[in-house]
Amino acid sequence: MAAEAEQGFRPLDEASLVTYIKATPALASRLGGGGSVEIKEVGDGNLNFVYIVKSSSGAIVVKQALPYVRCVGDSWPMTRERAYFEASTLREHGRLSPEHTPEVYHFDRAMSLMGMRYIEPPHIILRKGLIAGVEYPLLADHMSNYMAKTLFFTSLLYNNTTDHKKGVAEYCANVEMCRLTEQVVFSDPYRVSKFNRWTSPYLDKDAEAVREDDELKLEIAELKSMFIERAQALIHGDLHTGSIMVTPNSTQVIDPEFGFYGPMGFDIGAFLGNLILAYYAQNGHADQTNDRKAYKKWILKTIEESWNLFQKKFVELWNKHKEGNGEAYLPDVYNNSNLLSLAQKKYMTNLFHDSLGFGSAKMIRRIVGIAHVEDLESIKDASKRAECERAALNCAKTILKGRRQFETIEQVIEHIQSFDRD
């Protein structure tokens, strides 16, 4: 911590945060410039401090990164530079999809501190809404908008090679966050690791089976290489249902501290995979008053619409800008509509299979890795929870290994249902 202090960093508590805000015009002006403020710490406890700061004139969110993983302690150091990449990604994605990205008001690199727009009630974390059984009729439309715009406009389908490589070079420095993903998603679940956990003893054999599945390991190695090597677009990097805030009419994407230039399918897969986890968790939340069957159908419909709408919007953007600066598919090479259509079909098929693979990998790590999901963890009956987790795990393993056999999202939906034991 001494080194951190020498760089001008100090963790802020509620009292020192008030002093900091008053001395920072970009933040103080959002709160009316004076008077008393109310501060509430709302961080999820994993990595950062997150404060909601309110006055009679306004409200902001202040987020500060710590030099270690908060939920583990200083025995697991973690770069504070993740705050810079989070603010940078929010600003870039906000430029491309402002309707679904909160505005950044202030960033202090030395303090690893960001002030941003407060996403007001009745917004809640999507994951909590899924646990409660709330339907969000615009979710698929909004998330397909966000993903299509942020992924297309930061790719070589839209940008020239020089600009793209500048972006890649800048975000390469977010290597520690990438290495964390490499470890917890692509490595630890497939080996004995002190960080792994699962619903024991019910899933002991299931966890062992993951570690002994050679075919699965060969497929996960391919996905890990893709994650490390393919600088396809500026991705969020952690686009699960805990990084999305919603009302029935609004969808806001937060927390892109894992942002870097990586494979598009990692973002798409994270979102779809977490919806699939939510689907399997519903049996554990069903009771005599609500069997959750109708809600499960809504989740499946949302999964289906999310991919189909994304694919439609992404290709529409490609067609709209096919004569632009993008250097991946030059217009004088792909110079007839039939050829371009074939190229697009191949591109989207590969992206679909990438998304299925990454989504499945994210599901597996949430069941036998370090960090689980509240959808399943909140099921109090351990045997019932394990039953839901086993169905999700078996579904994920078969999708990951057989992802190239799926031609449509509708086929995936049928596959998901085949593992359901309601």
request  = Can you label the angle between the Phe85 ring and the Tyr171 ring as parallel, tilted or perpendicular, going by 30° and 60°?
outcome  = tilted
query = Should the pair Phe314 and Phe310 be assigned to parallel (<30°), tilted (30 to 60°) or perpendicular (>60°) ring geometry?
reply = tilted
query = Just by modelled atom types, is the Val253 backbone N or O under 3.5 Å from a matching donor or acceptor in the His236 side chain?
reply = no
message = Checking salt bridge (charged side-chain N to carboxylate O under 4.0 Å, His left out) between Glu222 and each of Lys401, Arg404, Lys217, which is the one that passes?
response = Arg404
message = Is it the case that the side chain of Tyr280 and the backbone of Ile416 share a donor-acceptor pair, with hydrogens and angles ignored and the cut-off at 3.5 Å?
response = yes
inquiry  = Per the salt bridge (Lys or Arg N to Asp or Glu O under 4.0 Å) rule, what does the pair list look like for residues 115-140, sequence neighbours excluded?
reply    = Arg127-Asp375, Lys128-Glu374
inquiry  = Is any side-chain heavy atom of Lys322 closer than 4.5 Å to one of Leu340?
reply    = yes
task = Using atom types as modelled and distance alone, determine if a side-chain donor or acceptor of Arg385 lies under 3.5 Å from a backbone N or O of Ile379.
result = yes
Residue pair Glu327 / Asn160, side-chain donor-acceptor N/O under 3.5 Å = no
request  = Evaluate side-chain contact (heavy atoms from CB on, under 4.5 Å) for Lys63 paired with Asp255, printing each intermediate quantity in order.
outcome  = CA-CA 10 Å; Lys63 184 172 183 178; Asp255 295 346; 2.7 Å; yes
task = Write down the atom of Ser97, the atom of Thr150, and the distance for their closest heavy-atom approach.
result = CB-CG2, 4.3 Å
ask   = How are the rings of Phe266 and Phe358 set to each other: parallel, tilted or perpendicular (split at 30° and 60°)?
value = perpendicular
query = Under 3.5 Å, is there a donor-acceptor pair between the Lys313 and Asn145 side chains?
reply = yes
ask   = Asp108 and Gln64: side-chain donor and acceptor closer than 3.5 Å?
value = no
ask   = What do the steps show when you test Ile21 against Ile60 for side-chain contact (heavy atoms from CB on, under 4.5 Å), and what is the final call?
value = CA-CA 10 Å; Ile21 290 172; Ile60 59 173; 4.3 Å; yes
message = So, applying side-chain hydrogen bond (donor to acceptor under 3.5 Å, both in side chains) with Thr251, which one of Glu99, His142, His100, His123 is it?
response = His142
request  = Using atom types as modelled and distance alone, determine if a side-chain donor or acceptor of Thr247 lies under 3.5 Å from a backbone N or O of Ser250.
outcome  = yes
Audit row: Trp318, Phe152, ring pair (Phe, Tyr, Trp, His ring centres under 6.0 Å) steps and yes/no = CA-CA 8 Å; Trp318 189 341; Phe152 177 82; 7.4 Å; no
Asn290 side-chain N/O to Gly133 backbone N/O, donor-acceptor pair under 3.5 Å = no
request  = Using the side-chain contact (heavy atoms from CB on, under 4.5 Å) rule, take Trp298 and Leu130 through it: C-alpha gap first, then chi angles, then the decisive distance, then the call.
outcome  = CA-CA 11 Å; Trp298 175 81; Leu130 294 169; 3.9 Å; yes
